[in-house]
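Okay, structure first, notes after.
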Amino acid sequence: MDMVESDSGPELSAEEEMALIRDSTVAAEAHAKEGDIFFLVTNRWWQSWIDYVIQDSAGVTSNGSHQHEFGSNAPRRPGPIDNLDLLDDVASEVSSMDIELHDTLVEGRDYILLPQQVWEKLHGWYGGGPTLPRKAINTGFSQTDLAIEVYPLRLQLILMPKGEQAVIRISKKDTVDELYKKACEVFDLVPDEVYIWDYYGRTKHALMDNLEKTLEDANIQMDQDILVEVTANANGSLDGGCMSSIQENDYFERGSTSLTTDASKSGFSNENFASISYGSRSYSSSLPQSQYLRSSNGDLDTLPGTVGVTTRGFPSGLTGLLNLGNTCFMNSAVQCLVHTPEFARYFREDYHCEINWHNPLGMVGELALAFGELLRKLWAPSRTPVSPRPFKTKLSRFAPQFSGYNQHDSQELLAFLLDGLHEDLNRVKHRPYLKSKDADGRSDEEVADEYWANHIARNDSIIVDVCQGQYKSTLVCPTCGKVSVTFDPFMYLSLPLQFASTRSITVVLFTCDGSAPPTLYTVSVPKQGRCRDLIQALSNACSLRKEERLLIAEIRNHRVHLILEDPVLQLSTIKDDDHLAVYRLPKLEKRASYVQFVHRREDLDHGNNSSLTSWKSYGVPLLAQICRNETVTGSDIHEMARKMLVPMLRNQVSQHSAVQSSLSTRTQSYHTDNSKFQLQLIDDSNTVIEQTDHGIRVPQSSLATVIFVNWSKSDLKKLNTNHLEHLPEVFKYAPPAKRTRGEPLSLYACLDAFLREEPLVPEEMWYCPRCKEQRQASKKLDLWRLPEVLVIHLKRFSFSRSTKHKLETFVNFPIHGLDLTNYIANKISQHQIYELYAVSNHYGSMASGHYTAYIKLLDENRWYNFDDSHVSAINEEDVKSGAAYVLFYRRVREPDEAASNGTQSCVKRNNRSSQR
C-alpha cells in the first residue's frame with residue numbers, strides 16, 4: 001500500500017488551503033467528463049480537515065493575523081490522510097498486491113469522493129494513503145449522466161482444466177477484450193489458447209467472443225463466475241474432454257449452493273454507485289482495480305463478499321429496492337407497478353416514441369424515463385438491490401409533497417404516479433375540446449360509449465389502456481326528482497371498510513322534569529341512517545312515553561351549538577368526536593321556544609383581585625321549553641332550573657323518591673336539609689333574575705334565551721356533576737379486537753358499501769338544472785366498464801377533526817376468481833373474472849408504519865415478499881392479512897379471447913402512432 005509522506009515545501013495557512021480546494025472544486029465541476037479520476041478519502045479525516053480550515057479561517061483578523069486564546073480547543077492541523085479504516089483487512093492479508101474495500105461503506109458516512117485536482121493538492125500537503133482511485137463512467141443517455149463506480153465488478157475466474165481460481169476487480173464498462181487480457185495476466189496464459197465463458201450459476205450461458213462488447217452489455221453481474229478454458233492442442237480447437245471434466249468434478253457441486261444476500265454482503269454499499277455533487281452537476285467515478293486475489297487451491301469461500309449472488313437460474317424480477325430513509329411506501333408501490341405484466345413489457349421495449357414532450361400537464365417525459373429506467377434495472381438478471389434515488393429525485397421535483405424522508409401513503413404516491421405516467425405518455429398531442437351531450441332518451445350503452453370516446457380523444461396512453469375503467473353515476477334531485485346520468489373514468493376503486501352497516505352513538509340524556517338523573521346511552525344506528533333513526537333508537541332505550549319527545553343538541557364550548565331537529569338529517573354529518581346531549585321534553589300543542597341554562601363557576605385563574613368575581617362557563621347546559629308567546633316569570637325560570645338539578649344532589653335518595661311522586665314534594669325537598677343550595681340566575685344582560693311574578697320576555701328564536709347559573713364553590717360540591725362535567729364523544733375510538741378468520745369482512749361487502757346509494761355531503765351539493773339551486777342529491781355509483789388491471793384501495797385510514805386512526809380490519813379478498821360480473825351495470829359485457837397478483841401492505845401505526853409488497857411472479861406462479869431490499873418466497877395462504885392496503889387484480893381471459901385482445905391492442909397502438 002502506498003503511504004506517502006507530505007511535500008517538504010512551505011506550509012500553507014488554513015485560509016490558503018481552503019481557497020485552493022474551493023477553486024479546484026469549481027474547475028472540476030466545470031469540466032467533468034467520462035474517464036475523470038476521483039479518489040476516496042475517509043470521512044473521519046475529511047471532517048477533521050474541514051473543522052481545521054473553518055475554525056482557523058474564523059480566527060483571522062482584519063489584518064490577516066491569527067488570533068487564538070491561550071489554551072483554546074481550536075482544531076489542530078490534521079495529520080496524514082489515513083484510509084486504512086476503509087479497507088477489508090482479511091482481503092489485505094491474502095495478498096499484499098490487492099486493496100479491497102469494506103463491502104458496507106456508505107458515501108457521506110464512511111467516505112467522500114474528491115476530484116483528482118483536489119486529491120493531488122491534499123495528498124501533496126498531508127501525505128498518507130493508501131490511494132483509492134475510481135473512474136467516472138457514463139450511466140445514462142447523455143454525456144453528463146456520470147457515476148463513480150466505487151465497487152467495480154468482482155468476478156471469480158475459474159481456470160479449466162486445472163481448477164485454479166482467482167478473484168479480480170474490473171469495471172462494468174470495460175470490454176470483453178480487457179477481461180481476456182486480465183485473465184491471461186492472472187493465470188499467465190497465451191491469449192490465442194483461451195476461451196472465456198459467461199459461467200453464471202456454474203452453467204455455461206454464452207461464449208464471450210465479441211471482444212468490443214462491454215461487460216455491462218454482456219450482462220455480467222457482480223460476484224459471478226467466469227469460466228476460462230484453455231485449449232489442449234496447438235491449433236486452438238477446444239478439448240472435447242474439458243466439459244466432461246467440469247461435470248465430473250464434485251468440487252463445483254459442493255461450491256454451487258445458491259445463497260441470497262442483502263446489499264451489505266453483495267459487494268455493494270447502500271447504493272450501486274456513489275454520487276457526488278459539486279454545485280449543480282451530479283457526477284461520479286470508477287477506476288477498476290487491477291489487483292486481484294489468487295488462490296492455487298481455489299478455496300476462497302471464506303473471504304467476505306466472495307460468495308456468488310445467484311441470479312440466472314432464478315426468475316428475473318426478484319430484485320429489491322434500497323430504503324433511502326422512510327421510502328418503504330415508495331418501494332412498495334413501485335414494485336407493484338413494476339410487476340404489472342403490461343407495464344413490464346411496455347417499459348422494457350422502446351417506449352420513447354410515445355413520450356409526450358410538450359404536454360403542459362406532464363413532466364416533459366422525465367417521470368416516465370425515470371420510472372422506465374428503474375423498471376429495467378429491477379427486471380435485469382440480478383439480485384443486487386437497486387437504489388431508487390434517481391427516481392425519487394425526479395418524483396420529488398414534480399411532487400414536492402414526497403420530498404424529504406418522511407413517511408407517506410403508498411396509495412397517494414400510486415395515484416400521483418399513475419396520473420403522472422399517463423400525462424408523460426399521453427399519445428394525444430393536441431387535446432380537442434369536447435362536450436358530452438345529454439342523454440335525451442338515448443340508451444345507456446350509447447351514452448356511455450360517447451363519454452368513453454370523448455375521454456379517449458383527450459386521454460390515450462398505456463395507463464388508460466391498462467388501468468382505467470368507467471363509472472355510471474346517477475344523481476337524483478330530492479326536490480323535483482330530476483335525474484342526471486354521467487359516465488366518468490376511474491383509475492382505481494377506494495372501498496370503505498364497513499364490516500356492518502351500523503355505527504354506535506353515545507349521548508347523555510337529561511330530563512326536564514327531574515324524574516331521573518343524567519343518564520348515558522349508547523345505541524346502534526344505521527351508518528347511512530337519518531336523525532329519525534337515532535331518535536327512535538334512543539326512544540326505545542329510555543322507554544319514552546307518548547306524551548314526550550326527544551331533542552338532540554350538539555354541545556360546543558359549554559353551550560348548545562346546534563339543535564338537530566330535522567328528522568331526515570343524515571347521521572353521517574355527526575362526527576365521531578362530536579358531543580351530543582339529548583333532552584327529554586313534554587310534547588307541546590304550540591311551537592316551542594327554548595331556555596338554555598349555561599353553568600358558570602368562579603374562575604380561579606382570574607388573578608388576585610378579590611373585589612371582583614370572574615365567572616367561567618363549564619359543563620353541559622340544561623334545556624327547558626315553553627310555548628312561544630307565553631309569558632313566564634322569574635319564579636317560573638327558577639322552578640325550571642330546580643326541577644332539572646334536584647336529581648343531581650348528592651345523598652338525596654329519599655328526596656329523589658319524593659321527586660318521582662309529586663311536584664310539590666320535590667319543590668320543598670331541597671329547602672329542608674343540609675343539601676339546600678341557592679340558585680343565582682343571570683340573564684344575558686348580566687341582570688339577576690329574582691323569584692318574582694314579574695313577566696320575563698322570551699325571544700321567538702329557538703336558542704335566543706340564555707340564562708347563566710352561577711355556582712358558588714360550596715353549592716357546586718352538593719351536586720354530582722359527573723355527567724354534567726364530562727360529556728363523552730359520540731364514538732370513542734379504541735383499537736378494534738382482532739377479527740377471527742371465521743367472521744371476516746368480505747371484499748364484496750366493501751364493494752356493496754361503495755356502490756350503495758347515499759346523499760351527497762353538504763360540501764358537495766349538486767346544482768339541479770331544473771330547480772336552479774344547489775341540492776343535496778342522492779348519488780348512486782355503478783361499474784360500467786372495467787380495466788385490464790383493477791386496483792382496489794382499502795380505506796384503512798380514518799380522520800376526524802382532531803384524530804387519525806388506522807383500521808386493522810381483516811378483509812377476506814379473493815386471490816383467485818374475483819367475480820365482478822354481477823356488479824357491472826352494462827349487461828352486454830362478458831364475464832368479469834380477476835386474479836390477484838400484487839398487494840401493497842401497511843403494518844403498524846399511521847405515523848411510524850412500514851410498507852411491504854406481496855407479488856406473484858406469473859411465469860413462476862409463486863408469491864414473494866418484497867420488503868425493501870429483502871426478497872423472500874412466501875406461501876399463498878400468507879398473502880391475506882389485516883395489513884393489506886392496495887390490491888392489484890388482473891383480468892382473466894380465455895386463451896382465444898386473450899389472443900384476440902392482444903392482436904387488437906397491437907393494431908390499436910400502431911394506428912394511434914400513425915395517426916398522431
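Sequence positions, counted from 1, serve as the residue numbers for this chain. Small disclaimer: the values here were computed from a predicted structure and weren't measured. Note: hydrogens, waters and symmetry copies are ignored here, and every other heavy atom, side chains too, is used.
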**Item:** Distance-only side-chain donor-acceptor flag, D198 / Q224, under 3.5 Å
**Value:** yes
Checklist line | Side chain proximity check, L215 to V176, heavy atoms < 4.5 angstrom | finding: yes
Hits for side-chain hydrogen bond (donor to acceptor under 3.5 Å, both in side chains) against Y180, two or more places apart or cross-chain, chain-then-number order -> none
From the list I137, I220, T214, side-chain contact (heavy atoms from CB on, under 4.5 Å) with K172 holds only for I137
| query | Between K204 and E229, does at least one N-O distance fall below 4.0 Å, as a salt bridge requires? | reply | yes
Exercise for review: Would you sort out whether H339 and F888 count as a ring pair (Phe, Tyr, Trp, His ring centres under 6.0 Å), showing the intermediate values?
Suggested key: CA-CA 10 Å; H339 288 85; F888 292 77; over 10 Å; no
With sequence neighbours left out, the residues meeting ring pair (Phe, Tyr, Trp, His ring centres under 6.0 Å) with W357 are none
Within a strict 4.5 Å, meaning less than it, do heavy atoms of the I168 and V186 side chains meet?
yes
side-chain hydrogen bond (donor to acceptor under 3.5 Å, both in side chains) filter on S332, not counting sequence neighbours, yields S840
Hits for side-chain hydrogen bond (donor to acceptor under 3.5 Å, both in side chains) against N875, two or more places apart or cross-chain, chain-then-number order -> none
If you define the side chain from C-beta out and look only at heavy atoms, does anything of I463 sit under 4.5 Å from F343? yes
For W863, the ring pair (Phe, Tyr, Trp, His ring centres under 6.0 Å) test, sequence neighbours excluded, returns none
Counting N and O atoms only, with roles assigned by atom type, does the side chain of D36 sit under 3.5 Å from a partner on the main chain of P115, one being a donor and the other an acceptor?
no
Checklist entry - Can you check whether S872's main-chain N or O pairs, donor with acceptor, with N865's side chain at less than 3.5 Å? => result no
When you measure from the side chain of R134 to the backbone N and O of V150, does any donor-acceptor pair fall under 3.5 Å?
yes
Taken in chain and number order and not counting sequence neighbours, the residues that satisfy side-chain hydrogen bond (donor to acceptor under 3.5 Å, both in side chains) with D867 are H850
Inset, instruction - Find out whether L87 and N83 are in side-chain contact, i.e. whether some heavy atom of one side chain is under 4.5 Å from a heavy atom of the other. - result: no
Exercise. Counting only N and O atoms by type, is there a donor-acceptor contact under 3.5 Å from the side chain of E212 to the main-chain atoms of D177?
Worked result: no
Quick check against the 3.5 Å criterion: does R376 have a side-chain atom that pairs as donor or acceptor with the backbone of E349?
yes
Side chain T327, main chain M330, donor-acceptor under 3.5 Å: no
_When you measure from the side chain of N43 to the backbone of I112, do you find a donor-acceptor pair of N or O atoms at a distance under 3.5 Å?_
no
Only residue of L122, D85, D82 satisfying side-chain contact (heavy atoms from CB on, under 4.5 Å) with W45 is L122
Exactly one candidate in E178, E149, E216 meets side-chain hydrogen bond (donor to acceptor under 3.5 Å, both in side chains) with S171; the answer is E149
### Query
Taking NZ, NE, NH1 and NH2 as the nitrogens, is one of them in K173 or E34 under 4.0 Å from a carboxylate oxygen of the other?
no
Worksheet item: Quick one: does L857's side chain get under 4.5 Å of R862's, heavy atoms only?
Response: no
- Just say parallel, tilted or perpendicular for the rings of F371 and F347, cut-offs at 30° and 60°. perpendicular
